[in-house]
Amino acid sequence: MTEPLAPQYDPSQIEAPLYAWWQERGFYKVDAHGSGEPYVIQIPPPNVTAVLHAGHGLNNTIQDVLIRFERMRGRRALWVPGTDHAGIATQNVVEKILAKEGLTRFDVGREEFVKRVWAFVNETGGQILEQLKALGASCDWSRTYFTLDEDLSRAVREVFVRLHEQGLIYRGKYIINWCPRCLTALSNEEAEKEETDGRIWHLRYPLADGSGSLVVATTRPETMLGDSAVAVHPDDPRYALLIGKHIRLPLVDRMIPIVGDDAVDPAFGSGAVKITPAHDQTDFEIGKRHDLEQINVMTPDAHINENAPERFRGLERYAARKAVVTEFETAGLLVKVEQHRHAVGHCYRCGTVVEPRLSDQWFVKMQPLAEPALAAYRDGRISFIPERQGDNYANWMENIRDWCISRQLWWGHRIPVWYCESADCSTTIVSRETPTRCTACGGSVRQDEDVLDTWFSSWLVPFSSLGWPDHTDDLAAFYPGTTLVTAPEILFFWVARMIMAGLEFKGEVPFKTVYLHGTVRDTQHRKMSKSLGNGIDPLEVIDRFGADALRYTMVSGMAVGTDLILDPADLDSSFAPGRNFANKLWNIGRFLLGHLEAGAAPIGSVPEGELTLADRWILARAHETIGTATQHYERFRLNDAAAAVYHFLWSDLADWYLEQVKPRLYGTHPGGESARAVAAHVFDIALRLLHPVMPFVTETLWKRLPSSAEQASISVASWPVEADGRADAAALVDFGALQALITAVRVLRADYAVSPGATVKLTVVDPSEAVRRAIDADSDTIRRLAKVEQLTVGPAPSEAGGTRVLDDRTTIVVPLGDLVDLDKECARLGSEAAKMEQLVAAQESKLSNDNFVSRAPANIIEKEREKLESWRAQAVTLREKRRALGCAD
RNA sequence: GGGCGAAUAGCUCAGCUGGUUAGAGCGCCUGCCUUACACGCAGGAUGUCGGGGGUUCGAAUCCCUCUUCGCCCACCA
């Protein structure tokens with residue numbers, strides 16, 4: 001496990017073996033009787049047939065970051081994985097396979113079909129869980145569930161029966177969303193509304209007594225075959241006299257009444273509406289109020305049925321639409337056709353336009369469940385990130401509608417309802433156990449044909465996955481959970497319903513925080529999808545750049561409340577941040593570990609006096625980074641956490657500290673031991689801070705630190721606390737001065753194109769306190785990193801040189817002989833002085849403004865004064881230098 | 001039709017409770033194969049913070065308005 005690092009970073013060589021080792025050691029198995037405060041995340045169970053896509057990648061990366069962070073903080077971090085049987089989706093997949101054999105599910109029959117789905121699921125299902133492992137997901141796989149498992153099925157039955165006993169489940173004939181392709185009912189959430197350009201036809205309906213006619217408007221003319229009334233607003237003066245009269249329905253030749261109903265908007269269209277109770281929600285309700293006939297004119301697959309005149313029968317709904325319109329036109333009853341944009345429901349599984357259909361279905365009465373769920377949000381027992389999503393949730397809860405839970409599918413939890421087959425008994429049995437005989441008459445029983453909505457099992461997952469309805473140790477230990485991480489699309493499908501179920505059956509919210517992250521989109525901001533072909537395959541990314549690169553890129557690109565934009569056409573540049581960073585880490589590790597082979601003393605054993613300015617500085621930066629990164633992780637600002645550690649590792653540690661300590665590590669300078677101790681210490685800290693985001697590289701490097709025990713894993717190492725660094729404001733200031741000085745020399749060198757190998761002389765004129773201390777502490781580093789051969793502090797040399805002003809006082813001069821262009825120096829110093837003077841002037845007027853001085857808080861005024869003084873000093877210094885160079889004014 | 005959000009460097013985005021000489025990564029330009037890393041090092045350029053108005057001593061940040069894009073919800077046929 002700890003052979004030397006390969007010269008080249010090759011994630012494919014390290015990631016898989018590492019994951020296997022984590023599994024073997026069981027680091028992520030959580031004991032219900034263990035110690036530590038529980039931290040629980042329930043995975044949004046992917047469809048059992050799903051293949052990992054970018055959305056899963058993002059979703060599961062976030063969860064893994066959180067769970068690893070909390071695990072390292074000493075909490076009993078449990079991430080429960082599972083898969084969803086996904087009724088319609090899975091059934092569709094298997095039906096497609098059957099279709100290749102020229103068969104339909106009806107050809108093979110229910111029993112055989114379900115067998116085939118099981119075989120398919122057992123064979124190919126759950127591959128997404130294996131793919132999550134490639135991502136690094138630290139789930140407790142020993143707890144993996146499938147929503148059709150016996151245990152979870154028992155929970156489903158229990159819940160159905162309980163709700164039924166409470167009168168919250170009922171069966172009835174209502175208008176539901178029907179998918180004519182999947183041949184099943186859908187819930188409101190499953191019928192996705194999409195703005196569509198359509199048309200609206202104005203049809204003339206003649207009065208039966210021949211005294212005139214009415215014009216009605218419709219977007220679905222074919223439904224007129226099932227019209228059983230025309231409705232107008234009861235107070236509409238235009239139609240007051242017509243209420244109670246009859247229409248002779250064209251094409252069908254049926255007498256239908258004109259009724260008055262408040263639901264009609266007199267201002268819309270003609271103010272008269274055709275009423276088709278069997279094919280429209282509103283019409284259905286109006287029909288109920290007026291006791292109208294419900295005439296269903298369509299077959300389940302949306303063809304015209306026998307309730308319509310013979311010439312329309314068998315026509316598909318859009319063909320029927322054409323036929324109806326043509327007949328109206330021929331009869332001179334088509335008044336006009338207009339363009340019309342409106343929302344049309346589409347099946348969320350197959351995209352087919354849903355048909356509102358009158359049918360017998362099972363429903364859950366939601367109002368009583370919604371009230372406590374709304375209260376839990378209002379009183380803060382549950383909160384959302386980003387916060388505004390809470391309004392969305394509340395809005396849905398307030399306007400909740402009953403949930404149609406029956407599906408005319410074969411794949412799913414069969415509804416636990418049986419009907420007595422004896423005609424004169426006809427008892428309905430709702431039972432936890434499967435009855436063999438009628439409980440009333442002893443006759444034979446027949447189970448309801450329908451299955452339950454997939455979400456009827458997933459809304460129970462927070463407790464059903466832990467053994468409910470039994471009283472298990474898991475349930476006692478891990479319910480309620482802590483955080484739920486998911487996409488906003490399933491806020492209503494799943495999240496809201498889990499909250500309702502948790503409160504109803506467990507009396508507690510199932511989690512405290514709901515973190516809703518954004519969507520992965522392409523550069524045109526389109527959602528990635530199979531049909532658009534604009535998806536990114538996370539496995540391909542992992543294959544090419546490694547899971548760490550994928551994870552870092554996703555995390556760093558994802559601020560709270562924003563979407564993640566990636567370019568599917570250019571994976572190289574899309575994932576460059578993660579790829580580059582992982583590679584950088586690898587090389588830092590290679591360099592550092594190479595120098596730690598002799599071991600590194602614990603930081604505590606290094607005498608304070610042996611710490612150099614650079615040592616103190618990097619420890620101070622570690623201290624700061626621990627604080628900020630931890631806070632950001634806690635606040636779900638994962639991108640900020642990642643950025644803080646990135647900056648520490650790359651800019652602070654690699655670019656400055658490691659460059660500074662090289663001579664000590666090489667042994668050309670004394671202090672090698674303390675350098676190794678400090679470097680090992682801060683690298684250890686940084687790896688731990690980064691581990692949640694990049695588990696593989698950090699583990700690989702961390703295991704090779706001298707301090708790491710052979711069998712230990714960073715993933716269960718302790719989270720750094722601020723005291724692991726050292727607060728040291730002075731070191732930050734002084735090393736900052738050192739950096740500024742070096743940078744200034746480098747800038748001069750670049751400006752004058754000094755050849756990279758050449759050394760220069762440097763004079764520091766009138767150094768500030770900080771610069772003075774930096775020079776005293778570490779002139780050697782200045783010489784080396786700025787390639788200075790001779791460093792003097794004193795008056796400016798007579799030789800002409802490039803000049804820079806560092807701060808209020810300090811000026812550096814680099815004599816460059818012929819290279820110096822005096823005019824250029826004068827111009828540059830002049831423009832800098834002018835810029836500074838402008839700032840000074842603005843600042844002076846601000847500070848002499850009574851309004852500002854009297855109204856701004858004292859600390860701000862103080863800060864602004866300091867700024868003014870500093871700028872003034874800089875302006876003065878700049879002017880002085882110009883004079884010293886002999887520049888003309 | 002309601003509700004919500006976003007517009008900041010060529011691109012993707014930070015900038016959290018008003019006070020920074022407005023930042024990062026990618027890309028771009030210049031110079032470097034400096035024995036950890038060219039997926040690198042050093043340096044650099046680029047922004048009237050969508051337009052207009054307002055509040056304030058002070059606005060990228062708060063308010064109004066316009067424009068342009070998203071998202072969610074909705075039984076006006």
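Letters A, B, ... are given to chains in the order of the sequence lines, protein chains preceding strands, and every chain is numbered from 1.
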Determine the contact category for [X]: base if any of its heavy atoms lies under 4.0 Å from a base atom, sugar-phosphate if only primed atoms, P, OP1 or OP2 are that close, otherwise nothing.
| X | value |
| --- | --- |
| A:Glu285 | nothing |
| A:Arg590 | sugar-phosphate |
| A:Ala654 | base |
| A:Ile565 | sugar-phosphate |
| A:Pro488 | nothing |
| A:Lys527 | nothing |
| A:Asp640 | sugar-phosphate |
| A:Tyr646 | sugar-phosphate |
| A:Val747 | sugar-phosphate |
| A:His525 | sugar-phosphate |
| A:Glu659 | base |
| A:Ala559 | sugar-phosphate |
| A:Asp655 | sugar-phosphate |
| A:Val264 | base |

Nearest whole angstrom, please: distance from the [atom2] of [N] to the [atom1] of [X].
| X | N | atom1 | atom2 | answer |
| --- | --- | --- | --- | --- |
| A:Arg220 | B:C76 | CZ | P | 12 Å |
| A:Asp751 | B:G44 | CG | C1' | 9 Å |
| A:Tyr393 | B:C4 | OH | C1' | 18 Å |
| A:Phe683 | B:C37 | CZ | P | 15 Å |
| A:Ile742 | B:U34 | CD1 | P | 20 Å |
| A:Arg749 | B:G44 | CZ | C1' | 16 Å |
| A:Tyr174 | B:C75 | OH | C1' | 16 Å |
| A:Asp522 | B:C11 | CG | P | 16 Å |

Measure the acute angle between the ring planes of [X] and [Y], then classify it against the limits of 30° and 60° as parallel, tilted or perpendicular.
| X | Y | answer |
| --- | --- | --- |
| A:Phe493 | A:Tyr348 | parallel |
| A:Phe363 | A:Tyr174 | perpendicular |
| A:Tyr515 | A:His517 | perpendicular |

Nearest to the side chain of [X], which nucleotide is it out of [options]?
| X | options | result |
| --- | --- | --- |
| A:Phe268 | B:C16, B:C37, B:A77 | B:A77 |
| A:Ser573 | B:A42, B:C26, B:G31 | B:C26 |
| A:Arg637 | B:C37, B:U20, B:A14 | B:A14 |
| A:Phe492 | B:C4, B:C73, B:U21 | B:C73 |
| A:Lys867 | B:C75, B:U21, B:U12 | B:U21 |
| A:Ile860 | B:U21, B:G19, B:C13 | B:G19 |
| A:Trp871 | B:U21, B:C39, B:A36 | B:U21 |
| A:Asn583 | B:C32, B:G43, B:C37 | B:C37 |

Please confirm whether the shortest side-chain N or O distance from [X] to OP1 or OP2 of [N] is below 4.0 Å.
| X | N | answer |
| --- | --- | --- |
| A:His340 | B:A77 | yes |
| A:Arg401 | B:A74 | yes |
| A:Asn580 | B:G40 | yes |
| A:Trp396 | B:C4 | no |
| A:Tyr666 | B:A36 | yes |

Charged N to carboxylate O under 4.0 angstrom, [X] versus [Y]?
| X | Y | answer |
| --- | --- | --- |
| A:Lys527 | A:Asp563 | no |
| A:Asp751 | A:Arg804 | yes |
| A:Asp283 | A:Lys274 | no |

Taking a pair as Watson-Crick or G-U wobble with both distances under 3.5 Å, which nucleotide is matched to [N]?
| N | result |
| --- | --- |
| B:C71 | B:G3 |
| B:U56 | none |
| B:G23 | B:C13 |
| B:G43 | B:C29 |
| B:U34 | none |

Is it the case that [N] (base atoms only) and [X] (side chain only) share a donor and an acceptor within less than 3.5 Å, ignoring hydrogens and angles?
| X | N | answer |
| --- | --- | --- |
| A:Gln281 | B:A77 | no |
| A:Arg635 | B:C16 | yes |
| A:Lys584 | B:C39 | no |

**5' precedence on RNA chain B between A:Asp563 and A:Asn849 (nearest-nucleotide basis)** = A:Asp563
**Prompt:** Starting at the 5' end of RNA chain B, which residue's closest nucleotide do you reach first, A:Pro7 or A:Thr743?
**Reply:**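 Comparing both residues, the 5'-ward one is A:Pro7.
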**Request:** Would you check if A:Glu285 and A:Ile175 make a side-chain contact, meaning some heavy-atom pair closer than 4.5 Å?
**Result:**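 In short, these two side chains do not touch, never coming nearer than 4.5 Å.
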[N] to [M] separation - [atom1] atoms, rounded to the nearest Å:
| N | M | atom1 | value |
| --- | --- | --- | --- |
| B:C26 | B:A14 | C1' | 14 Å |
| B:A9 | B:U61 | P | 15 Å |
| B:G2 | B:U65 | P | 14 Å |
| B:G40 | B:G25 | C1' | 16 Å |
| B:A7 | B:C66 | C1' | 14 Å |
| B:A60 | B:G23 | P | 14 Å |

**Request:** With A:Lys584 as the cation and A:Tyr646 as the aromatic partner, state whether NZ or CZ is under 6.0 Å from the six-membered ring centre and within 45° of the axis.
**Result:**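 The answer is no, since A:Lys584 fails at least one limit relative to A:Tyr646.
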**Passing candidate, side chain to side chain contact (heavy atoms under 4.5 Å, CB included) with A:Arg872, options A:Glu844, A:Gln843, A:Met836, A:Glu837** =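 So the option named by the test is A:Glu844.
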**Asked** Does A:Ala6 offer a backbone N or O that forms a donor-acceptor pair with the side chain of A:Trp586 under 3.5 Å?
**Response** yes
